[in-house]
Amino acid sequence: MGTLQEGEGLGYGRSLPVPSAQEIERNDPQNIPERYIKHLQDRPKASDVASVSYDIPIIDLSLLAVGDEDERTKLDVACQEWGFFQIINHGADSVLAKMKAAMAGFFDLPLSEKKRYAMAANDVEGYGQGYVVSEDQKLDWNDLLFLITLPAKARNVKYWPLTVPGFKEAVEEYAVVLERVSDEIFGNLSVLMGVERDFVKKLHGDVKQGIRMNYYPKCARPDLVLGVSPHSDCSSITLLVQDEAITALQIKHEGVWVPVEPIPNGLVINIGDAMEAWSNGRYKSIEHRAVTNFEKPRISAAAFVIPGNDVKLNPLESMVDEKLQPRVFKDGVDYIEYLRYTLAKKMEGKLANIEYLKLRQ
Ligand SMILES: O=C(O)CCC(=O)C(=O)O
Ligand SMILES: [Fe+2]
């Protein structure tokens, strides 16, 4: 591939085209092609999943919005100790329901129709699969539609399935609700990090919101495959809506995989690598993965808050103290440099990426 020309896509990277997992399952449900069967050490083993039930923090957005200090402290603890939490009372239940219906409408389309929105060879936006960088790499049991949703002027309408009734309206409405939720979280994190309330939002510069809509077919052998391989997100934060009937997302906590049980109308939020760097490591971007099941397909949407290309991933000055909080992250890495670095590799956990942003020990 030559250098990317203006107007040729996002410029974030590319993912090689591979068959649709949904079609593979539909055509021959009992046969899992070799390319999807993970190496033994990468398969999801029951013994690696937490045997006790953990309570992933639940944060009440309506309390954060009125400046409740106890709730803000809960947020602080959640971001430090878990890197993941679920929010309730966001006031957007019906918007979430519409979004789920819109995504189901898209993935129900015949393959030939979905292919009209296929990723271009040099882009990660559109319908396809994620993080496929080589012909011999093991694949995830997942199809996706990735769209830039905000700001409106950054949308590439050629990837929007406008023939699905209600899709555009649902995604637009959902995007705006999530922007409101993220701004509330950023306001609170600013206060917690000792900077002006609008600091973290502004820090994002020319911010974008990108939504990765995931379709995980059911699978006859969930013990052999993964829906999404272990990774951390390179966003500042990610907001996830998921199927309420299926527990599939797992996060790495204290060395074991902890399932995130969906709660009614909950939104799962996690800290991404950019926020970990800005907070000088106080807030943790946690490795996570999705497993499959043999009963039902699952749909989720991960909305990434994506800083502007030229935004620096330097830790905030207020988060560095030579004695109390020694600097862990280096100065000078542009967000786009980091994003391209991560997208050029297959998903292989968190360390392989975030070390890029850290000072050498
Ligand atoms: O589907 C899920 O629960 C997780 C998806 C995810 O981690 C992602 O798209 O980055
Ligand atoms: Fe993720």
Side-chain angles (χ1 to χ4, degrees), residues 12-13 15 21-22 44 49 56 82-87 96 99-100 103-104 106-107 119 124-132 139-149 174 178 182 208-219 222 225-253 257-263 266-276 284-293 296-306 338-339 342-343 345-354:
Y12 291 170
S15 184
Q22 187 177 2
V49 177
I56 291 166
W82 286 89
F84 264 83
F85 53 93
Q86 300 209 54
I87 60 160
L96 266 55
M99 178 68 184
K100 289 180 191 173
M103 293 192 288
F106 172 71
F107 287 110
M119 285 172 192
V124 293
E125 190 165 11
Y127 173 64
Q129 289 72 32
Y131 293 88
V132 185
L139 300 177
D140 288 341
W141 200 245
N142 166 281
D143 293 340
L144 63 89
L145 174 64
F146 181 63
L147 294 178
I148 294 296
T149 42
Y174 183 71
L178 289 199
S182 349
K208 290 193 184 72
Q209 181 194 76
I211 305 190
R212 174 176 163 162
M213 303 170 204
N214 291 300
Y215 183 93
Y216 305 97
K218 64 181 163 52
C219 182
V225 309
L226 280 172
V228 172
S229 294
H231 67 281
S232 61
D233 294 341
C234 20
S235 55
S236 63
I237 63 170
T238 303
L239 305 93
L240 180 100
V241 65
Q242 54 170 340
D243 193 316
E244 279 171 23
I246 303 166
T247 302
L249 173 63
Q250 300 181 340
I251 69 176
K252 200 68 169 283
H253 182 72
W257 290 105
V258 175
V260 179
E261 306 277 353
I263 52 175
L267 266 177
V268 179
I269 299 189
N270 64 281
I271 296 291
D273 297 346
M275 189 67 76
E276 177 164 333
K284 305 290 186 309
S285 172
I286 295 295
E287 208 163 281
H288 52 286
R289 69 181 187 184
V291 295
T292 63
N293 75 87
K296 292 195 272 198
R298 170 175 178 262
I299 291 177
S300 71
F304 305 105
V305 183
I306 307 170
Y338 184 60
L339 194 58
T342 61
L343 280 163
K345 304 204 279 119
K346 66 181 166 55
M347 281 183 165
E348 52 187 348
K350 170 184 173 182
L351 272 183
N353 290 338
I354 198 126

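Numbering of ligands and ligand atoms starts at 1, following listing order.
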**Request:** Record the part of H288 in heavy-atom contact with ligand 1 below 4.0 Å; permitted values are side chain, backbone, both and neither.
**Result:** side chain

**Asked** Can you list the atoms of ligand 1 that are under 4.0 Å from a heavy atom of A302?
**Response** 8 (C), 9 (O)

**Fill in**
Quick note on ligand 1: atoms under 4.0 Å from a heavy atom of Y216 include exactly 1 (O), 2 (C), 4 (C), 5 (C)

**Prompt:** Could you go step by step and tell me if F106 and Y215 meet the ring-ring contact (aromatic ring centres under 6.0 Å, His included) rule?
**Reply:** CA-CA 10 Å; F106 172 71; Y215 183 93; 9.6 Å; no

**Request:** Kindly indicate, with the supporting measurements, whether the criterion side-chain contact (heavy atoms from CB on, under 4.5 Å) is fulfilled by I56 and E261.
**Result:** CA-CA 9 Å; I56 291 166; E261 306 277 353; over 6 Å; no

**Asked** What class does the angle between the rings of W82 and H253 fall in, given that below 30° is parallel, 30 to 60° is tilted and above 60° is perpendicular?
**Response** parallel

**Request:** Using a strict 4.0 Å cut-off to heavy atoms of N214, name the atoms of ligand 1 that fall inside it.
**Result:** 1 (O), 5 (C), 9 (O)

**Asked** Taking all non-hydrogen atoms of both residues, which atom of C219 and which atom of V225 are closest, and how far apart?
**Response** SG-CG2, 3.7 Å

**Message:** For the Fe ion (ligand 2), give me the closest N/O/S atom belonging to D233, just the atom name.
**Reply:** OD1

**Request:** Without swapping roles, check the side chain of W141 against the backbone of T292 for a donor-acceptor pair under 3.5 Å.
**Result:** no

**Prompt:** Relative to the ring of H288, is the ring of F84 parallel (under 30°), tilted (30 to 60°) or perpendicular (over 60°)?
**Reply:** perpendicular

**Message:** Please determine whether any non-hydrogen atom of R289 lies less than 4.0 Å from an atom of ligand 1.
**Reply:** no

**Request:** Report the part of D233 in contact with ligand 1, treating N, CA, C, O as backbone and CB onward as side chain, heavy atoms under 4.0 Å; options are side chain, backbone, both, neither.
**Result:** side chain

**Asked** Does an N or O anywhere in Q242 fall below 3.5 Å from an N or O of ligand 1?
**Response** no

**Numbered atoms of ligand 1 (with element) below 4.0 Å of H231, judged on heavy atoms** = 6 (C), 7 (O), 8 (C), 10 (O)

**Complete:** If we number the atoms of ligand 1 from 1 as shown, the ones under 4.0 Å from a heavy atom of F304 are 10 (O)

**Asked** What atoms of ligand 1 come closer than 4.0 angstrom to any heavy atom of S300?
**Response** 1 (O), 2 (C)

**Message:** For L240, which part has a heavy atom under 4.0 Å from ligand 1: side chain, backbone, both, or neither?
**Reply:** side chain

**Message:** Please check: side-chain N/O of D273 versus main-chain N/O of E276, any donor-acceptor pairing under 3.5 Å?
**Reply:** no

**Between E287 and S232: side-chain donor-acceptor atoms closer than 3.5 Å** = no

